[in-house]
Amino acid sequence: MSITQQLLAVKQRIYRACIKAACPQQQVRLVAVSKTKPLSMVLEAYAQGQRDFGENYLQDALDKIAANTHTDIVWHFIGAMQSNKTRAIAENFAWVHTLEREKIAQRLNDQRPEELPPLKVCIQVNISNEANKSGVSLADLPALAATVNTLPKLELAGLMCIPAANQPVSVQAQAFAAMAQARDQLQPEYPQLTQLSMGMSADLELAIAHGATMVRIGTDIFGARAARSSATPIK
Ligand SMILES: *Cc1c(COP(=O)(O)O)cnc(C)c1O
């Protein structure tokens with residue numbers, strides 16, 4: 001199938017999941033995850049109206065962003081972040097989904113160019129409490145949210161998670177439900193914290209059933225990714 005056809009199929013899955021969950025379809029934003037894929041594939045999806053694209057690997061992303069001429073593409077950084085990469089992220093992206101440290105938040109704030117609107121951020125939550133996985137615990141979430149909220153060049157927009165893989169559906173459902181609960185608990189204090197970035201190719205329906213507002217879909221739009229030769233993501 002072409003990217004055009006696969007994009008359409010994903011949009012239909014989102015549409016059906018929204019009907020089932022009785023949520024308005026416009027409430028779920030599709031972030032097409034183009035990591036490791038060439039700009040030509042991004043542009044094929046763009047031609048079909050796709051505007052939100054997610055990238056994990058900074059240099060790969062920066063090459064595409066530099067070569068792209070469409071100013072209405074919205075770039076989402078969804079990869080692991082190290083301090084020495086924050087400037088390029090602050091300068092080139094509209095969204096970060098993977099914030100998990102105060103120090104990184106501070107740097108992104110300080111390095112966000114004055115002329116750009118605040119960087120929208122989702123705090124990543126290690127919702128399945130996995131060892132050596134990214135994200136803050138639910139216990140540490142309120143403190144990080146409070147810090148981000150004090151930073152004028154960041155907008156605390158939502159929460160993000162990647163639940164543990166290979167779990168029974170009921171366990172994954174619990175993880176998504178816990179995310180929605182965490183968002184609902186923070187929202188009275190932070191009214192702009194509305195987004196739940198959760199759901200990938202394999203579990204977008206389950207995520208939407210539990211209130212996802214942004215799904216991040218790579219494989220089912222752009223096809224399988226080749227294993228990265230370095231094995232570890234470039235941070
Ligand atoms: C790669 C990636 C995705 C997309 O995953 P697919 O299974 O290919 O849809 C979503 N979110 C994050 C954080 C990713 O790294």
Side-chain angles (χ1 to χ4, degrees), residues 1-3 5-14 16-17 28-39 41-42 44-45 50-62 64 74-82 85 89 93-101 104 108 119-128 130 132-136 157-167 169 172 175-176 179 195-235:
M1 274 206 292
S2 67
I3 289 172
Q5 288 169 314
Q6 304 213 94
L7 184 62
L8 187 62
V10 165
K11 285 185 188 167
Q12 285 170 341
R13 284 172 62 193
I14 295 171
R16 281 195 293 269
V28 178
R29 187 164 173 175
L30 170 58
V31 179
V33 176
S34 45
K35 63 183 177 198
T36 79
K37 300 294 184 180
L39 181 64
M41 287 191 173
V42 169
E44 190 173 341
Q50 182 63 31
R51 293 295 179 268
D52 290 282
F53 292 91
E55 291 282 343
N56 286 54
Y57 307 110
L58 186 58
Q59 194 53 53
D60 170 40
L62 293 178
K64 278 175 252 185
V74 179
W75 297 101
H76 299 248
F77 191 78
I78 63 170
M81 276 186 288
Q82 286 180 333
K85 307 291 178 186
I89 293 169
F93 286 82
W95 283 81
V96 164
H97 291 232
T98 41
L99 185 69
E100 56 167 351
R101 281 162 59 199
I104 297 284
L108 289 170
L119 182 63
K120 291 177 190 277
V121 303
C122 296
I123 295 176
Q124 184 171 1
V125 179
N126 183 1
I127 196 66
S128 305
E130 292 178 278
N132 307 317
K133 282 291 168 70
S134 301
V136 294
L159 305 179
M160 176 273 204
C161 76
I162 307 172
N166 305 319
Q167 296 290 314
V169 170
Q172 295 204 315
F176 288 139
M179 290 290 291
Q195 303 295 314
L196 281 178
S197 169
M198 55 190 201
M200 314 199 323
S201 290
D203 59 8
L204 77 87
E205 284 86 357
L206 193 63
I208 289 172
H210 290 88
T213 64
M214 304 178 101
V215 292
R216 310 176 310 269
I217 311 298
T219 307
D220 284 1
I221 296 174
F222 296 112
R225 291 174 294 272
R228 286 179 65 82
S229 52
S230 62
T232 49
I234 298 160
K235 290 184 177 170

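First listed ligand is number 1; within each ligand, the first listed atom is number 1.
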Under 3.5 Å, is there a donor-acceptor pair between the T213 and Q195 side chains? yes
Nearest protein heavy atom to atom 2 (C) of ligand 1, by residue and atom, and its distance? K35 NZ, 2.6 Å
Top protein contact for atom 9 (O) of ligand 1, by heavy-atom distance: S201 OG, 2.5 Å
Which segment of H97 sits under 4.0 Å of ligand 1 when only heavy atoms are counted: neither
At a 4.0 Å threshold, what atoms of ligand 1 neighbour a non-hydrogen atom of M160? 13 (C)
Options T36, I78, V215, V10, ranked by nearest heavy atom to atom 13 (C) of ligand 1, top entry: I78
Answer yes or no: is there a donor N or O on one side and an acceptor on the other, between the side chain of Q124 and the main chain of G135, under 3.5 Å? no
For L196, which of L159, V28, I208 qualifies under side-chain contact (heavy atoms from CB on, under 4.5 Å)? L159
Where does the angle between the aromatic ring planes of F77 and F93 fall among parallel (under 30°), tilted (30 to 60°) and perpendicular (over 60°)? perpendicular
To the nearest 0.5 Å, what is the distance between NZ on K85 and OH on Y57? 14.0 Å
Taking 4.0 angstrom as the limit and counting only heavy atoms of T219, give me the atoms of ligand 1 inside it, by number and element. 6 (P), 7 (O), 8 (O), 9 (O)
What residue among R216, M214, E55 forms side-chain contact (heavy atoms from CB on, under 4.5 Å) with H76? M214
Can you list the ligand 1 atoms lying under 4.0 Å from a non-hydrogen atom of I217? 9 (O)
Out of I217, D52, I78, which one pairs with V33 under the side-chain contact (heavy atoms from CB on, under 4.5 Å) rule? I78
If we set the cut-off at 4.0 Å for heavy atoms, which region of I162 has an atom near ligand 1: side chain, backbone, both, or neither? side chain
Against heavy atoms of R216, which atoms of ligand 1 measure under 4.0 Å? 4 (C), 9 (O), 10 (C), 11 (N), 12 (C), 13 (C)
What protein heavy atom sits nearest atom 10 (C) of ligand 1, and how far away is it? M200 SD, 3.2 Å
